[in-house]
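Data first, discussion second: the structure below is written as structure tokens.
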Amino acid sequence: MRTRFPPSPTGALHLGGARTALFNWLFARHHGGEFVFRLEDTDRERSRDEHVDSIMGAMDWLGLDWDQGPFYQSQRFDRYRQAIQQMLDSGRAYWCHCPPERLDQVRQEALAKGGKPMYDGHCRELGLGPAPGAVVRFRGPNSGDTAWKDLIKGPISFANSELDDLVILRSDGSPTYHLAVVVDDVDMGISHVIRGDDHVSNTPRQILLYQALDSPVPQFGHVPMILGPDKTKLSKRHGATAVVDYRELGYLPEAMLNCLARLGWSHGDQEIFSRQELVELFNLEAVGRGAAVFDVDKLNHLNAHWLQQADPQRLADLLPPFLAARGVNAFDRATLVKAIPEIRPRTKTLVELADWAEPYLVEAPAIDPKAGAKFLVSANRPVLERVRGLVAELGVEAPEAMEEAFRQLAEELGVKLGGVAQPVRVALVGRTASPGIFEVLAILGRERSLARLDRALSAIQG
RNA sequence: GUCCCCAUCGUCUAGCCAGGUCCAGGACACCGGCCUUUCACGCCGGCGACACGGGUUCGAAUCCCGUUGGGGACGCCA
């Protein structure tokens, strides 16, 4: 049992492609089979090396490792030509000399007559040979049906009369997609072809090609498309559509995987799946047949969940680029690791985590103007002075004692606990929102806490 | 235009294949409350769907037909 993922390197790995890759990977891993990675770069015009790197980078980020490959179709042209020759010899293919203009005309006429714009088989029985500008076409049956039992959609059938004779060798001597995929899937022993919905109508023609090559036909499973919020095919105008975009937006690969898996596949009411659970539970039968709209809110929720599960050390490893984007380049890693468990319940992405971490990592955090104007005022001098004294006296290692002292202070000053905590909070981190005030003190430590309290005090004076 | 596919809350979906236990369950989002030193987290509650029309049946979200809507394909792109 062997699956494959064959993107064409003409752009970054999209969410749809990533999900297709994931399903193939999961299916192979679940059944203990193999997963093949191949690059369909027969279109030399649009294929680029940078896209190959980008796609492989995205696969790596998601942890979708392959057992064989990467294979490049551009390196297998000889094999394709051999297959085409085989079909020419057996009469399953023929040379066609029709110029593009005639093809256009034929299609126009067919369309006008209310039919499909198909090739009319003009050269089919002419017994032509190679010539400049000539192509090779597959000689398809013009009666009967081609059907298969789709692993996801069930029985599907096409009338062969709906299929025209497709080009398998271009006039420039390169093979076309249809021919290359089939030859590759045969040579690489692919048993299950799991791909996007948009390939359904390609399937009957490819099945015919397998038969013409006297090769076993694999099983097919067509997964529905991923749509944008407006229910049209997901594309750039919907915003971030590339997997790497989400890495930069601060999402964790395990969240992306979880999200992609649940987009079209389900296991009862379960929403949270680890990579391992996915491998154990994945099955094609539970993949839905309808298209699905991608919802960032759901990704946010999943990411928030996995962010809480992640090892703080690992998060600290992932954070530098996000901190650098905020201008924080040098900082004490130990402080960051200490802060992460406290700040992360308040965040959903690494971008937000970096935002919440910043006040603990810089020498003097910026004071939010509104917060400063409200809490760093002369009326709060006594509170800050008293708290400074408490921190100096008690340190930050005894939160119980500190809390008791805070409560006594609040009672003495006739305010609620918040009346004490808020000014201190703004003095310490420059914002009105933070983890519990005693946790903040613990993260900063005695000396830095005192320094910030002093700084706030002198700011009030000035 | 022709062919193919699809259709449950705003979104992802369970249920459908083996009709009744579904005046349809879960999750996200949204709204309200609780918790609370702030902000979150968490907990509780609320809002909210079987596209429409026929048929089969004692009984249909589940089976059949049609309609409508959506998507895809129709290339010397993949």
Side-chain angles (χ1 to χ4, degrees), chain A residues 6-10 40-43 45-47 73 96 98 100 103 107 110-119 133-137 150 153-154 156-159 161-164 166-172 174-178 180-181 196-204 222 224-225 227 229 231-233 259 262-272 285-286 288-302 304 308 343-348 356 371 375 403 406-407 410 415-422 424-426 429 431-438 440:
Chain A
S8 71
T10 53
E40 311 222 316
D41 56 349
T42 53
D43 181 353
E45 297 286 295
R46 302 195 298 148
S47 298
Q73 291 192 327
C96 169
C98 293
L103 263 24
R107 291 194 187 102
L111 221 40
K113 272 188 279 185
K116 261 188 196 172
M118 306 194 296
Y119 176 60
V135 300
V136 173
R137 286 182 184 273
D150 197 271
K153 294 181 180 279
I156 298 179
S157 170
F158 282 80
S161 57
E162 292 294 332
L163 280 21
D164 62 358
L166 76 183
V167 171
I168 54 179
L169 182 73
R170 299 189 184 99
S171 56
D172 69 356
S174 66
T176 60
Y177 158 75
H178 289 286
V181 227
D197 221 345
D198 47 343
H199 283 289
V200 168
S201 49
N202 287 335
T203 304
H222 290 91
M225 319 241 72
L227 274 25
K231 303 222 175 196
T232 62
K233 196 172 180 177
C259 187
R262 276 294 284 114
L263 207 51
W265 175 81
S266 63
H267 182 70
D269 285 342
Q270 190 173 343
E271 299 285 348
I272 303 296
E285 298 73 55
R289 291 121 303 172
V293 174
F294 174 70
D295 181 19
V296 192
D297 283 326
K298 193 94 173 194
L299 209 213
N300 282 331
H301 175 256
L302 257 11
Q308 312 314 312
I343 59 179
R344 67 173 165 188
R346 293 148 173 88
T347 67
K348 292 180 188 299
W356 279 71
F375 294 104
E403 177 163 1
F406 264 56
R407 291 193 185 283
V415 297
K416 292 183 176 177
L417 195 50
V420 173
Q422 282 305 77
V424 174
R425 194 183 311 279
V426 175
V429 298
R431 309 176 182 190
T432 54
S434 82
I437 198 67
F438 310 113
V440 172

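Numbered from 1 within each chain, the chains take letters A, B, ... in sequence-line order.
A:Trp265 comes within contact range of no nucleotide atom at all, as no heavy-atom separation falls under 4.0 Å. Base contact: A:Gly133 has a heavy atom under 4.0 Å from a base atom.
Formation of a donor-acceptor pair under 3.5 Å by the A:Glu40 side chain with backbone atoms of A:Gln73 is not found in this model.
No hydrogens or angles were tested; on distance alone, a donor-acceptor pair under 3.5 Å links the side chain of A:Asp269 to the base of B:G25. In terms of polar N and O atoms assigned as donor or acceptor, the side chain of A:Asn300 never comes within less than 3.5 Å of the base of B:A29 in a complementary pairing. With hydrogens and angles left out, the side chain of A:Arg425 and the base of B:U37 share a donor-acceptor pair within 3.5 Å. Not a single donor-acceptor contact under 3.5 angstrom links the side-chain atoms of A:Arg346 to the base of B:C41. Under 3.5 Å, the side chain of A:Gln270 and the base of B:G26 form no donor-acceptor pair of N or O atoms.
Both A:Lys348 and A:Ser266 lie near RNA chain B, and the one whose nearest nucleotide falls closer to the 5' end is A:Ser266.
Each of B:A27, B:U38, B:C76 was ranked by its minimum atom distance to the side chain of A:Thr432; first place goes to B:U38. Ranking B:C76, B:C28, B:C41 by closeness to the A:Ser171 side chain, first place goes to B:C76. Taking every side-chain heavy atom of A:Arg137 into account, B:C76 is the closest of B:C4, B:C76, B:A73. With B:C76, B:C12, B:G26 as the choices, the nucleotide that has an atom nearest any side-chain atom of A:Thr176 turns out to be B:C76. Checking B:C12, B:G72, B:C6 against every side-chain atom of A:Val293, the shortest atom distance belongs to B:C12. Counting only heavy atoms from C-beta on, A:His301 has its side chain closest to B:C28 among B:C28, B:C5, B:A73. Distance from the side chain of A:Asp164 is smallest to B:G75 among B:G72, B:C3, B:G75.
For the OP1/OP2 pair of B:U36 and a distance below 4.0 Å, the side-chain nitrogens and oxygens of A:Lys416 include no atom meeting the criterion. Remark: A:Arg107 is in phosphate contact with B:C76, judged by side-chain N or O atoms under 4.0 Å from OP1 or OP2. OP1 and OP2 of B:C4 both lie 4.0 Å or more from every side-chain N or O belonging to A:Ser201.
A:Leu227 has its CG atom 11 Å from the P atom of B:U11, to the nearest Å. Taking atom CZ on A:Phe158 and atom P on B:A73, their separation rounds to 12 Å, with Å as the unit. The separation between A:Arg344 atom CZ and B:G42 atom C1' is 15 Å, rounded to whole Å. Note: CG (A:Leu302) to P (B:C41) measures 15 Å, nearest angstrom. A:Lys298 has its NZ atom 14 Å from the P atom of B:C9, to the nearest Å.
To the nearest whole angstrom, the two P atoms, one in B:A29 and one in B:U68, are 38 Å apart.
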